[in-house]
Amino acid sequence: MIIGLTGSIASGKSTVSKMLEELGYPIIDADLVARQVVEPGSETLMEIEALFGPEAISDDGTMDREKVGALIFSDPAKRKQLNDIIHPAIRAEMLRQKSVFMADGHRTIVMDIPLLFESKLQHFVDKVLVVSVSEENQLARLMERNGLNEKDARARISSQLPMSVKEEGADAVIYNNGTIEETARQLERILEQWGESSQS
């Protein structure tokens, strides 16, 4: 079974991901994969350099995220071109990691995909687990974590799909408004319902 783990910014998805890892589940982290596919010398990075020119690459050979960000910020066509290079590379690498884990004998694999719904990757997974949080908690956590004022924090939150939409598309929801222990108990219950005994 492939579990797709997702949530929204400051919902506590990383906390749940860590819990699953501690239970012995292999985790494929989309954010980590996104960094791996543009490592120096990678085919993806060469394509980005061909598209944006040498200024897209920092002195240390990595992608200059700030410059590339500035180039695509005001140019939707360039943003689409960048996504058309990066997204297929991320998907291919995630599937490669999945086959490695399956070859190693893992029955259940967790794909941690922050933008699962936004990227329409539901077909990648068998079950969708959404980590949800109340709007007040989300706002407070984001402001505290990223040192943002309320206006900027709200803008970040509204750039993603509403929590309610993600909850509707979920097979199970963890409400991460209480203590770590409460979140862990919800996770255990869901795994039991899905017929999962601990992997470790």
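Basis for what follows: all heavy atoms, side chains included, without hydrogens, waters or symmetry-related copies. Here the structure is a predicted model, which means the values were calculated and not measured.
When side chains are defined from C-beta on, Glu196 does not count as touching Glu192, because their heavy atoms never get closer than 4.5 Å. The shortest side-chain heavy-atom distance between Leu116 and Phe124 does not fall under the 4.5 Å cut-off. The shortest distance between side-chain heavy atoms of Ile174 and Leu129 falls below 4.5 Å. Taking the side chain as every heavy atom from C-beta outward, Leu23 and Leu187 approach each other to under 4.5 Å. Residues Asn149 and Met143 fail the side-chain proximity criterion, which asks for heavy atoms closer than 4.5 Å. Taking the side chain as every heavy atom from C-beta outward, Thr108 and Tyr25 approach each other to under 4.5 Å. Proximity of Ile109 to Ile3: side-chain heavy atoms (C-beta onward) are nowhere separated by under 4.5 Å.
For Ala153 against Leu148, the heavy-atom pair with the smallest separation is CA-CD1, 4.0 Å. Taking both residues in full, the closest heavy atoms of Ser17 and Asp112 are given as OG-OD2, 3.2 Å, listed atom of the first, atom of the second, then distance. The two atoms that bring Phe117 and Gln122 nearest to each other are CD2-NE2, 3.1 Å, heavy atoms only. Here the shortest heavy-atom pairing between Glu167 and Ser132 reads OE2-OG, 2.5 Å. The two residues Ile48 and Ala56 make their nearest non-hydrogen contact at CG2-CB, 4.3 Å. Considering all non-hydrogen atoms of both residues, Met94 and Ile28 come closest at O-CD1, 3.7 Å.
Residue Ile86 is grouped with residue Leu71 when hydrophobic side chains (ILVMFWY) are merged at heavy-atom distances under 4.5 angstrom, including chains of intermediate members. At a threshold of 4.5 Å between side-chain heavy atoms, the hydrophobic network of Ile, Leu, Val, Met, Phe, Trp and Tyr places Val38 and Leu95 in one connected group. Hydrophobic clustering, with ILVMFWY side chains joined whenever heavy atoms are under 4.5 angstrom apart, groups Leu51 together with Leu45. Under the 4.5 Å side-chain contact rule for hydrophobic residues, Val16 and Val125 do not share a cluster. Hydrophobic clustering places Met102 together with Val33 (ILVMFWY residues linked when any side-chain heavy atoms are closer than 4.5 Å, directly or through intermediates).
Ser11 contributes a side-chain N or O that, together with a main-chain N or O of Ser8, makes up a donor-acceptor pair within less than 3.5 Å. Remark: side-chain polar atoms of Thr179 are paired, donor with acceptor, to backbone N or O of Glu182 under 3.5 angstrom. Not one N or O on the side chain of Asn176 forms a donor-acceptor pair closer than 3.5 Å with the backbone of Val133. Here the side chain of Arg107 pairs no donor or acceptor atom with the backbone of Met1 at under 3.5 angstrom. With hydrogens and angles ignored, the 3.5 Å screen pairs a side-chain donor or acceptor of Thr6 with a backbone N or O of Pro114.
With Leu121 as the partner, the side-chain contact (heavy atoms from CB on, under 4.5 Å) test is satisfied by one option alone out of Ile113, Val128, Ile90, Leu115: Ile113.
The side chain to side chain donor-acceptor pair (under 3.5 Å) analysis of residues 28-56, with sequence neighbours excluded, yields the pairs Gln36-Gln97. Applying the side chain to side chain donor-acceptor pair (under 3.5 Å) definition to pairs two or more places apart or across chains, those involving residues 61-74 are Asp60-Thr62. Pairs passing the ring-ring contact (aromatic ring centres under 6.0 Å, His included) check and including a residue from residues 81-103, sequence neighbours excluded, read Phe101-His106.
The distance from the CD atom of Gln193 to the CD atom of Glu188 is 12.5 Å, given to the nearest 0.5 Å. Leu20 contributes atom CG, which lies 6.0 Å from atom CG of Leu191 (distance to the nearest 0.5 angstrom). From Tyr175, atom OH reaches atom CE of Met163 across 9.0 Å, with rounding to the nearest 0.5 Å. Distance check, rounded to the nearest 0.5 Å: CZ of Phe52 to CG of Leu82 gives 4.5 Å.
Judged as a side chain to side chain donor-acceptor pair (under 3.5 Å), and not counting sequence neighbours, the contacts of Asp84 are Lys80. By the side chain to side chain donor-acceptor pair (under 3.5 Å) test, Arg96 pairs with Glu93, sequence neighbours left out.
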Which side-chain N or O atoms in residues 155-162 pair as donor and acceptor under 3.5 Å with protein atoms at least two apart or in another chain?
{"residue": "Ser158", "atom": "OG", "partner": "Arg154", "partner atom": "O", "Å": "3.1"}
{"residue": "Ser158", "atom": "OG", "partner": "Ala155", "partner atom": "O", "Å": "3.1"}
{"residue": "Ser159", "atom": "OG", "partner": "Arg156", "partner atom": "O", "Å": "2.7"}
{"residue": "Gln160", "atom": "OE1", "partner": "Ile9", "partner atom": "N", "Å": "2.9"}

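No more than 12 heavy atoms of other residues, nucleotides or ligands sit less than 6.0 Å from atom CD of Glu135.
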